[in-house]
Amino acid sequence: MTLRRVFHLLLRSYGPQHWWPGDSPFEVMVGAILTQNTAWGNVEKAIHHLRANDALSPEAITASLPGVLAGWIRPAGYFNVKTARLQNFCRWYLAAGAFDALQRLNTSTLRQRLLAVNGVGPETADDMLLYAFERPVFVIDAYTRRLLLRLGLAHGEESYDKLRHAFEQQLGATRRQVALFNEYHALIVMHAKVRCRKTPLCRGCCLLRNCPHGRHEVGTARGD
DNA sequence: ACCCAGGGTCATA
DNA sequence: TATGACCATGGG
């Protein structure tokens, strides 16, 4: 079972996902922070509050009182932590010259700059790189790890970057791969949301943490 | 009542 | 470097 074949099976099962739901690159980045360990539906409510209060801009977010901003993003959970992260990120974003200046940096440099921002870890940075800056960077999340584990393509000890590099090397990492990476990550998330359906990939197992099927061997998947 | 969600940071050993 | 605690709302 190759990573390319996994992609085609997922695409055949679920169809194109058309991520990321966001009107602008900046909105995508806000969403990337708000969705940390949080259901997307809750993030949408928070973003709606920001927009309704004309606060969906780096200037407005940095200018907001923390208590007020926390109230707006409340549905997204961890609102005190995320208030600090949003304001911290926006201060950095404005100081760096906003989107156009950042977009001129090469991917490796931009990734390092993003990771240096407190509150932005590997997955959040890669969400931004792929879905806001449209760079060929593969996003690894908990679902990706579980999927690889259950397909016998990973053991569970691999680092974030090792898995990311595996996807990028086997699928390629040029500009042409941006659309592929975009769909692939979205399809993995979709696959996790579909609970215990029979699809070519999961064979009846879902990707929930405690899915009883998760312990099952995937059988001949490795030799496919 | 429980489990989960499109993680990351910080303190501790 | 490697765990553990912590953050917190909302849907199934």
Side-chain angles (χ1 to χ4, degrees), chain A residues 7 10 14 16-22 25 27-50 66-92 111-133 135 137-150 155-164 167 181-197 202 205-215:
Chain A
F7 172 73
L10 288 171
Y14 306 114
Q17 300 301 305
H18 304 113
W19 271 27
W20 183 295
E27 183 177 333
V28 169
M29 294 188 266
V30 168
I33 290 173
L34 290 178
T35 199
Q36 291 170 352
N37 204 38
T38 300
W40 181 252
N42 291 349
V43 176
E44 286 186 318
K45 293 171 190 169
I47 290 179
H48 177 76
H49 289 157
L50 291 177
V68 175
L69 182 55
W72 290 334
I73 68 171
R74 190 176 146 96
Y78 305 125
F79 47 79
N80 289 318
V81 169
K82 287 175 178 174
T83 291
R85 288 182 184 174
L86 276 182
Q87 293 196 304
N88 186 41
F89 172 78
C90 288
R91 278 191 295 270
W92 167 84
R111 188 167 196 273
Q112 288 179 0
R113 297 279 297 277
L114 287 168
L115 287 175
V117 179
N118 189 295
V120 177
E123 185 181 341
T124 305
D126 291 344
D127 276 335
M128 294 177 177
L129 286 167
L130 178 60
Y131 292 100
F133 292 96
R135 307 302 180 91
V137 171
F138 201 92
V139 178
I140 304 296
D141 64 352
Y143 295 143
T144 310
R145 291 179 175 279
R146 281 175 233 161
L147 181 61
L148 294 177
L149 204 60
R150 289 167 193 184
H155 301 87
E157 310 165 0
E158 293 85 355
S159 68
Y160 182 98
D161 282 329
K162 178 173 181 178
L163 294 178
R164 182 169 66 87
F167 277 92
F181 290 2
N182 181 322
E183 278 299 328
Y184 205 153
H185 177 62
L187 281 165
I188 289 173
V189 174
M190 170 55 70
H191 182 60
K193 288 178 179 172
V194 177
R195 307 200 171 200
C196 295
R197 289 267 194 76
C202 72
C205 99
C206 65
L207 295 178
L208 295 177
R209 291 184 196 173
N210 288 335
C211 177
H213 303 133
R215 293 189 298 274

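Since the structure is predicted, the reported quantities are computational estimates derived from the model, not experimental observations. Each chain gets a letter, A, B and so on, in the order its sequence line appears, and its residues count up from 1. Just so you know, these numbers use all the heavy atoms, side chains as well, and skip hydrogens, waters and symmetry mates.
The distance between atom CD of A:Gln36 and atom P of C:dG10, rounded to the nearest whole Å, is 18 Å. Following rounding to the nearest Å, A:Asn42 (CG) and C:dG10 (C1') show an atom-to-atom distance of 5 Å. In this entry the distance linking CG of A:Leu86 with C1' of C:dC7 reads 14 Å, nearest Å. As rounded to whole Å, 6 Å separates atom C1' of B:dG6 from atom CD of A:Glu123. When rounded to the nearest whole Å, the span between CZ of A:Arg85 and C1' of B:dT9 equals 6 Å. Look at CG on A:Asn88: it is 13 Å from C1' on B:dG8, rounded to the nearest Å. Atom-to-atom, CD of A:Glu44 to P of B:dA5 comes out at 17 Å; the value is rounded to the nearest Å. Separating the CZ atom of A:Phe89 from the C1' atom of B:dG7 is a distance of 15 Å, rounded to the nearest angstrom.
The ring of A:Trp19 lies on top of the base of B:dG6, close enough and flat enough: under 5.5 Å between centres, under 30° between planes.
Contact between the side-chain N/O atoms of A:Thr124 and the OP1/OP2 oxygens of B:dG8 is found at a separation under 4.0 Å. Within the structure, every side-chain polar atom (N or O) of A:Asn37 is placed at least 4.0 Å from both OP1 and OP2 of C:dT9. OP1 or OP2 of B:dC4 has not a single side-chain nitrogen or oxygen of A:Arg146 nearer than 4.0 Å. OP1 and OP2 of B:dG7 both lie 4.0 Å or more from every side-chain N or O belonging to A:Tyr160. Listed pair A:Lys193 / C:dG11 fails the phosphate criterion, with no side-chain N or O lying under 4.0 Å from OP1 or OP2.
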**Prompt:** Under the side chain to side chain contact (heavy atoms under 4.5 Å, CB included) criterion, do A:Asp127 and A:His185 qualify, and how do the steps go?
**Reply:** CA-CA 10 Å; A:Asp127 276 335; A:His185 177 62; 4.1 Å; yes
**Prompt:** Is there a side chain to side chain contact (heavy atoms under 4.5 Å, CB included) between A:Met128 and A:Val28 once you walk through the steps?
**Reply:** CA-CA 7 Å; A:Met128 294 177 177; A:Val28 169; 6.0 Å; no
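The residue A:Val120 sits close only to the backbone: its heavy atoms come under 4.0 Å of sugar-phosphate atoms, none of a base. Counting non-hydrogen atoms under 4.0 angstrom, A:Asp127 reaches nothing in the nucleic acid.
Counted by atom type alone, A:Asp141 and A:Thr144 present one or more donor-acceptor pairs between their side chains at under 3.5 Å. With hydrogens and angles left out, the side-chain atoms of A:His191 and A:Tyr14 include a donor and acceptor closer than 3.5 Å. A donor and an acceptor atom, one from each side chain of A:Asp126 and A:Tyr131, are nowhere located under 3.5 Å apart.
For the segment residues 72-84 of chain A, the set of residues with a heavy atom within less than 4.0 Å of an atom of DNA chain B is empty.
Residues forming a side-chain hydrogen bond (donor to acceptor under 3.5 Å, both in side chains) with A:Arg135 (at least two apart in sequence, or on another chain): A:Gln103, A:Thr107.
Taking the six-membered ring wherever Trp is involved, the centroid distance between the rings of A:Trp20 and A:Trp40 falls below 6.0 Å.
Side-chain contact between A:Asn88 and A:Val120 is absent, with no heavy atoms from C-beta onward closer than 4.5 Å. No side-chain heavy atom of A:Phe181 sits under 4.5 Å from any side-chain heavy atom of A:Val139. Side-chain contact check for A:Phe138 versus A:Leu163: every heavy-atom pair is 4.5 Å or farther apart.
A gap of 15 Å separates the C1' atoms of C:dG10 and B:dA1, to the nearest Å. Nucleotides B:dG6 and C:dA5, compared at atom C1', are 23 Å apart to the nearest Å.
Shown are A:Phe167, A:Trp19, A:Tyr143; of these, the ring-ring contact (aromatic ring centres under 6.0 Å, His included) with A:Tyr184 is made only by A:Phe167.
Both A:Thr38 and A:Lys45 lie near DNA chain C, and the one whose nearest nucleotide falls closer to the 5' end is A:Thr38. Comparing A:Asn118 and A:Trp40 by the nucleotide of DNA chain B whose heavy atom lies nearest to each, the residue mapping closer to the 5' end is A:Trp40. For A:Gly119 and A:Thr35, each mapped to the nucleotide of DNA chain B holding its nearest heavy atom, the one lying further toward the 5' end belongs to A:Thr35.
Every stem involving DNA chain B, taken as at least 3 paired positions in a row under the Watson-Crick or G-U wobble test at 3.5 Å, is listed here: B:2-5 with C:9-12, B:7-13 with C:1-7.
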